[in-house]
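FYI, the numbering just counts along the sequence from 1.
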Amino acid sequence: MSTFLLVHGAWHSGRCWDRVVPLLEAAGHRVFAPSLTGYGDKAHLLGPEVGLDTHVEDVVGLIDAEALTDVVLVGHSYAGLVVSGVANRVPERVAHLVYLDAMVPEHDETAIDVQPVTRSLIDLAAASGVAWRIPPLPEQPPPLGLFGVTDPTDKAWLRTILSDHPVRCLQQPVHLDNPATAAIPRTHIHCVAATPAGITRRPVPPPSRTAPRPGCGNCPPATTA
């Protein structure tokens, strides 16, 4: 049995994992899929002060509150920054990092550094008169659809969980100055069916294998794919 902690991307909430959680639980795993501050059941906390640091603290706080160890930490899209920051804070609690079509930052990089197209979203927010929040991206013609979703029923469901994303999340740098994070095994998953204009992906690091980290007897060897 593994402990999965699933972290949603920008504009979404923890409900985006609703179809994934039962499958993992049916396989015997323990699963957490929280909504970050400003989303889902925490939507009332959305404000200009909410940033990347807030979301890193959300996840670290959950790990501490639930006394989680050997966590498989999964970050989708923007949450690649979040899980990277979490691993930097509590590397001894993380058994594996999974970047699901996610931003993969270097030390002190922001979302703008990793995905420059986000600058245009910030500029649009500034022009709208509400400069601190970015509304969900509009639906695009197939095959792009609404965040890659094209089925009408699925799109209708997705719209119920989408909300604005704080600009500060894209402007705050992630701190990766803890050498212990380098020993955490990680997996990279790219969704390649359709890519919106302006979106770029950094190359996946070459596959590698190392011994399990000290004190983590259940951790798999480090792999990237």
Cationic N near anionic O, under 4.0 Å, Glu57 to Arg89: yes

Test: Glu25 and Arg19 ion pair at under 4.0 Å: no

Under 3.5 Å: donor-acceptor pair, side chain of Asp58, backbone of Leu36: no

Under 3.5 Å donor-acceptor, Gln115 side chain and Ile112 backbone: no

Close aromatic pair by centroid cut-off 6.0 Å: His12 and Tyr39: no

Check: Leu52 main-chain N/O paired with Gln172 side-chain donor or acceptor under 3.5 Å: yes

Test: Glu66 and Arg30 ion pair at under 4.0 Å: yes

Under 3.5 Å: donor-acceptor pair, side chain of Ser35, backbone of Gly14: yes

Minimum heavy-atom distance between Leu68 and Leu5, given as atom pair plus value: CD1-CD1, 4.2 Å

Expected output: side-chain Asp101 to main-chain Cys191 donor-acceptor under 3.5 Å: yes

Test item: Asp154 side-chain N/O and Asp151 main-chain N/O as donor-acceptor pair under 3.5 Å: no

Check: Arg133 side chain, Gly47 main-chain N or O, donor-acceptor pair, under 3.5 Å: no

Distance-only side-chain donor-acceptor flag, Thr181 / Asn178, under 3.5 Å: no

Under 3.5 Å side-chain donor-acceptor pair for Thr37 and His55: no

Nearest heavy-atom neighbours spanning Pro105 and Ser84: CD-OG, 3.5 Å

Stepwise ring-ring contact (aromatic ring centres under 6.0 Å, His included) check, Trp11 with Tyr78: CA-CA 9 Å; Trp11 300 292; Tyr78 153 76; 8.9 Å; no

Short side-chain to backbone donor-acceptor contact, His29 and Ser2, under 3.5 Å: yes

